[in-house]
Number of protein chains: 2
Amino acid sequence: MKINLTTQRKAVYDIILQAHDHPTAADVIERLRAAGHNFAYGTVYNSLRYLTDNDLIRELKLGEAASRYDARTEDHHHIVCIKCGRVDEVMTDVPQQWMEAVAEETGYVVHEATINLEGVCPACKTSKP
Amino acid sequence: MKINLTTQRKAVYDIILQAHDHPTAADVIERLRAAGHNFAYGTVYNSLRYLTDNDLIRELKLGEAASRYDARTEDHHHIVCIKCGRVDEVMTDVPQQWMEAVAEETGYVVHEATINLEGVCPACKTSKP
DNA sequence: ATTGAATTTATACTAAATCTAAATTCAAAT
DNA sequence: ATTTGAATTTAGATTTAGTATAAATTCAAT
């Protein structure tokens, strides 16, 4: 089915595209307001789901309370800095061999692996506490 | 500091130890009731956190709404069946080499990787829809 | 017995997200 | 141009998971 980018959905999509962090729904609403849009709460959630379902964006569940959203839809993972909360992309892919080992161990047909890493980012590494 | 296992904490711990699935807080409360305990809502959450903080159990954030809890505290991962929701352990560890590649790519000091897999479990694989 | 720190309880509250029903939009067909 | 109807948006209520708070209780150590 053809993708229907309404004004609201387009505006939400633009926010995600322009973001260099990984904004939550609340962040998106805040940025929409700053850009002069005042959409209903539910509309933003609906839009985020619509965009996610149509693979224009990705929903990230990093173990925090709120989902984050990412304009990069290629297969990749994320690392969160435990000091400052910053989220970065991890493009290095997990070895196919490992996936096969998991399939063998569990008997599952393995569809995908979501990997959330934790560590200390370069900036926090060098800064004093 | 010495671990203080009160009646409530011990009862919660026992539920997790005896569970062969990976119960949520709500599951734990339900099973406590079934066992004749009727602790305050908050006490169960406090107990789960206390047990988690003291490494007696692990909190799992599998991308679902609610956290699950696991009596196995060794380093391991989880796979969720997309058909029936069943959660299984994955003991096969991710190659150290991969972790190093991620550290190199991102510049982070990598502390840990949480891996949540999705697939179809053996039972669902063989059963007709 | 008395103190006091830790814990539990009951309840209120918060955050994130979903649901609902009415209002609005907008393309397609008269 | 108007009508129709499906999709969408809106506003607000509701749900779910979990946290915060203040009073009551427990319990070990004086």
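Naming convention: chains lettered A, B, ... in sequence-line order (proteins, then strands); numbering from 1 in each chain.
Note: OH (B/Tyr45) to P (D/dA17) measures 7 Å, nearest angstrom. Taking atom NZ of residue B/Lys2 and atom P of nucleotide C/dT7, one finds them 12 Å apart after rounding to whole Å. Here C/dA6 presents its P atom at 11 Å from OH of B/Tyr50, a figure rounded to the nearest Å. Between B/Ile3 atom CD1 and C/dA6 atom P the separation is 16 Å, expressed in whole Å. Rounded to whole Å, atom P of D/dT19 lies 9 Å from atom CG of B/Asn46. Rounded to whole angstrom, the span from the CD atom of B/Gln8 across to the P atom of C/dA6 amounts to 17 Å. One atom, CZ of A/Phe39, and another, P of D/dT9, lie 9 Å apart when rounded to the nearest Å. B/Leu48 has its CG atom 14 Å from the P atom of D/dA17, to the nearest Å.
Nearest heavy-atom pair across B/Tyr69 and B/Leu48 is CE1-CD1, 3.7 Å.
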Strictly under 3.5 Å: I want the nitrogen or oxygen pairs between protein and nucleotides 24-30 of chain D, one per line.
none

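Not one side-chain nitrogen or oxygen of B/Thr6 sits closer than 4.0 Å to the OP1 or OP2 atom of C/dA6.
Residue contacts for A/Thr43: at a heavy-atom cut-off of 4.0 Å it reaches a base atom on one of the strands shown. Among the heavy atoms of the strands lying under 4.0 Å from A/Tyr41 is at least one base atom, whether or not backbone atoms are also near.
The side chain of B/Asn4 has C/dT7 as its nearest neighbour among C/dT7, D/dG18, D/dT10. Of the candidates C/dT7, D/dG18, D/dT8, D/dT8 carries the atom nearest the A/Arg9 side chain, counting heavy atoms from C-beta on.
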- Task: Would you sort out whether B/Ile82 and A/His111 count as a side-chain contact (heavy atoms from CB on, under 4.5 Å), showing the intermediate values?
- Result: CA-CA 9 Å; B/Ile82 55 173; A/His111 285 210; 3.7 Å; yes

- Query: Going through the checks in order, is the side chain to side chain donor-acceptor pair (under 3.5 Å) test met by B/Thr43 and B/Gln8?
  - Reply: CA-CA 8 Å; B/Thr43 300; B/Gln8 289 80 350; over 6 Å; no

- Task: In sequence, state the C-alpha distance, the side-chain angles, and the governing distance for A/Leu60 and A/His78, and then conclude on side-chain contact (heavy atoms from CB on, under 4.5 Å).
- Result: CA-CA 9 Å; A/Leu60 311 182; A/His78 296 87; 3.3 Å; yes

- Given the rule in the ring pair (Phe, Tyr, Trp, His ring centres under 6.0 Å) test, do A/His22 and A/His20 qualify, once you have shown the distances and angles that lead to the verdict? CA-CA 7 Å; A/His22 297 77; A/His20 41 278; 9.8 Å; no

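The closest side-chain donor-acceptor pair between B/His76 and B/Glu89 falls under 3.5 angstrom. Remark: the B/Thr52 side chain and the B/Glu59 side chain contain no N/O donor-acceptor pair separated by less than 3.5 Å.
Using a 4.0 Å cut-off on heavy atoms, none of the residues of residues 10-38 of chain A approach DNA chain D.
The list of salt bridge (charged side-chain N to carboxylate O under 4.0 Å, His left out) pairs with a residue in residues 22-37 of chain B, not counting sequence neighbours, reads B/Asp21-B/Arg31.
In this structure, CH2 in A/Trp98 is found 5.5 Å from NE2 in B/His77, a value given to the nearest 0.5 Å.
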